[in-house]
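Below you'll find the structure, written out as C-alpha cells, and then a few comments.
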Amino acid sequence: MDEYLILMRLDLVIRETPPSPEQMQQYMKQYQDWVGGIAAQNKFVGGTALSLEGKVIKPKDVVTDGPFAEIKEWIAGFITIRAKDFDEAVSLAKGCPILNGEGNSVEVRRLTDGHHG
Amino acid sequence: MDDQQLIPHLFRTEYRKIVSVLCKYFGWEGIETAEDIASETFLTAAQTWGLGGGIPPNPTAWLYSVAKNKAKSHLQRNHLYKTKIEPALTGTKNTVEYPIDLSPQNIIDSQLQMMFAICHPSISTEAQIGLSLRILCGFGIEEIANAFLTGKDTINKRLFRAKEILRQGKISIEFPPAAEIEQRLSPVLTTIYLLFNEGYYSVSQNKVLRKELCLEAMRLCTMLVENETTNMPQVNALLSLMCFHASRFEARLDRDGSIVLYQQQDTSLWNAELISKGGYFLRRAATGDKLSKYHLEAGIAWWNTQHTDSKEKWENILQYYNRLLQIEYSPIAALNRTYALSKANSKEEAIIEAEKLELTGNHFYFALLGELYKDIHRQKAIENFQQALRLARTQTDKQAIQKQLDRL
C-alpha cells in the first residue's frame, strides 16, 4: 500500500455567486459522505478542507492576502489516502464531489519517502 | 440495610479507598501490604462486630481507624528494623512520622492518582482493566475471572505481572503535571470505556456482574468529571455516551442474558433518567474546539435514544460515523456507517459502498449485505445471510441470522 495525496482545486473564475448556506450544507454532506466512504474502507490517512483566508508569499519578502485574484484555481482542501496502486487512488479520487462543478479539478500524487524520492 | 449486608456493602465501597490511600503511601513496593491491611481490616470488623461487639455508630470511621492502626503497626515494625537494626549495620539514623490521611479529599485524590498510574501505557489494556477492577473497584479475583471468562490463576498471574512492571518502571502514583493531563487522560478514558464495554458487550451470561462492570466504569468517569483538572469536554462526552448506552441495559438483555436486538427492544424499559443524565453531560461536553471520538459516539448514542426512524436521524448518524471513521477506523463502525447510509441516502448506494468494505471474514458484513438486498434481490439476500450463518461463532448470533433467513 502506498499513500497518495488528493488535491482539490476550485475554479474561482467560473464561479458565479457564493453558495447559499443550504448549498454549503449540501456540499458538506457530499464531501463528508465521500471521505467517510474512503475511511470506511480503512484507506483514509489524513487531511482536511481549508478555510477561505490565506497568504501568498513570493520572493523578496512579498506577502499578499488571499483569496487570490491572480490565481485561477484555488486549493479547497486535500486528503491523503492509502491505495494499492495509482489506479485505485484515481478511482477513489473520482468520487470527489468537487468534480460536479465545471472547471474544478482533482489532482492525485503519490507520496514518496523524503524530499528527493 | 441489615447487618448481614453491611459488611459486604462496606467492602465494596471502602476497600478500594483504603487500598488507594495506603498504596499511595507505601508505593508500588507495598501494594500487596496495602491490600493485606485492607483485607485484614474487614476481617477484624467481621469478627468484632459479629462477636457481641455490635455495629459501631459510625462503621466507616471505625474501619478507617482500624486500617490506620494496622498500617502504623506495620510501619513501626519496619521502622524498628530501620532505626534499631539497620543503623547498627550501616551507622545511619532516621525518625519517621506516619501521617496516614483518610480524609475525604485525600481518598479522592489517591483514587484519581491511582487511576492515572494503573492506566499506564507500559502495561497491557487487559491488565489495566484487571487492575482497575481490583484496586479501583474492589472486585475479588474470582469476580474478575468471571468477567473475563477465565480462571483465577490467569487473573492472578496477569495482575502480578502488571504490578511487577509498574514497580520496575517506578511508575509514580501522582497527578500528571497540568501540561500532560490531556495526553495522560487518553489511556485512562480508553480503559474506562473498555471496562464499560466489557460489561456491555461481554460474552458472559451473568447479567448482574455485567451491569456492575458498566456502573463501575461510569463511577470512575464521574470521579474524573467531579475533579476540576480532569473535568474536560471529552471526559463529559464519554460519561454521556455511557449513560445513553446504559439506558438500554434492561431492554437489550432478556432474562437469560441473551441480546435483544435494538429494533425488537421494549422501549418502555429504556431508562429515561439515564437518557436525561446523558443529555446533561453531552451539553457539558460541548465546550472547547476539539471533537473527540467520544463526542461523535455520544452523538450517535443520543440519536439511538430517539424512537423515530426519520431521515434526519439517520442523516445525523451517518455524518457522525463519517467523522468517527476519519478519527479511528473500526470494522463495526464501517458497517454501522453503511447501514446509516442506506437509511439516509439509499439502499442501492449503500450496497455499492458495502461491497467495497471487503470484510469477508466478518459475519456482520454478510448479515448487513443480506439486510440491504432484502427488498431488492431476494436470492442475493439469502446467499449473504447463509454466508453470515457459516461465519457466525456464537449461538446467539446464529439464531439471529437464522431468524432473518426464515423470514425471507
Side-chain angles (χ1 to χ4, degrees), chain A residues 1-8 19 21-53 76-100 106 108 111, chain B residues 289-291 293 295-297 299-300 303 310-362 364-366 368-369 371-372:
Chain A
M1 283 275 180
D2 277 323
E3 290 188 4
Y4 293 82
L5 173 74
I6 298 180
L7 199 60
M8 294 163 263
E22 291 76 26
Q23 272 174 319
M24 265 321 283
Q25 206 182 352
Q26 188 55 26
Y27 291 158
M28 219 23 158
K29 169 179 166 55
Q30 291 173 349
Y31 173 78
Q32 284 294 338
D33 284 358
W34 170 62
V35 180
I38 293 172
Q41 298 171 57
N42 199 12
K43 287 172 184 163
F44 176 82
V45 179
T48 177
L50 300 171
S51 85
L52 280 164
E53 305 93 348
F78 63 91
I79 61 167
T80 46
I81 59 161
R82 261 185 299 274
K84 60 177 186 293
D85 51 30
F86 242 114
D87 282 350
E88 189 187 15
V90 168
S91 111
L92 289 169
K94 276 182 181 167
C96 179
I98 220 172
L99 294 170
N100 296 334
V106 166
V108 182
L111 302 185
Chain B
D289 53 2
K290 265 188 220 154
L291 209 53
K293 63 173 182 163
H295 284 90
L296 297 166
E297 288 192 54
I300 295 166
W303 276 105
S310 68
K311 209 172 167 74
E312 187 200 4
K313 167 177 174 172
W314 291 106
E315 177 56 31
N316 276 285
I317 292 180
L318 171 63
Q319 293 313 328
Y320 283 130
Y321 272 121
N322 280 339
R323 307 193 56 173
L324 180 62
L325 282 158
Q326 290 169 48
I327 296 178
E328 189 177 270
Y329 169 82
S330 74
I332 197 72
L335 293 168
N336 284 334
R337 183 245 172 208
T338 312
Y339 183 74
L341 188 75
S342 79
K343 292 288 218 171
N345 293 8
S346 72
K347 282 194 175 180
E348 286 78 4
E349 190 181 334
I351 288 173
I352 297 171
E353 289 288 294
E355 285 175 341
K356 291 182 194 159
L357 301 182
E358 293 177 358
L359 295 167
T360 48
N362 187 323
F364 291 120
Y365 172 65
F366 291 102
L368 171 68
L369 276 172
E371 175 70 28
L372 294 176

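Just so we're on the same page: letters track the sequence lines, and every chain starts at 1. Quantities reported herein were computed from a predicted structural model and do not represent experimental measurements.
Within a 6.0 Å radius of CD in A:Q23, more than 12 heavy atoms belonging to other residues, nucleotides or ligands are found. More than 12 non-hydrogen atoms from other residues, nucleotides or ligands lie less than 6.0 angstrom from CZ of A:R82.
In this structure, the portions of B:Q326 lying under 4.5 Å from any heavy atom of chain A include both its backbone and its side chain. Only the side chain of B:E315 comes within contact range of chain A, judged by heavy atoms closer than 4.5 Å.
Counting heavy-atom pairs closer than 4.5 Å to chain A, the top residue among B:L357, B:L324, B:L341 is B:L357. Each of A:V45, A:I79, A:N42 has some count of heavy-atom pairs under 4.5 Å with chain B, and the biggest count is that of A:N42. Ranked by heavy-atom pairs under 4.5 Å with chain A, the first of B:E349, B:R337, B:E353 is B:R337.
Using a 4.5 Å cut-off on side-chain heavy atoms (C-beta onward), A:V35 and B:N322 make no contact.
The two residues B:Q319 and A:D33 come nearest to each other via the heavy atoms NE2-OD1, 3.0 Å. Looking at every heavy atom in both residues, A:A40 comes nearest to B:A334 through O-CB, 3.4 Å.
Atom-to-atom distance recorded for B:N345:CG and A:K29:NZ is 3.5 Å, nearest 0.5 angstrom.
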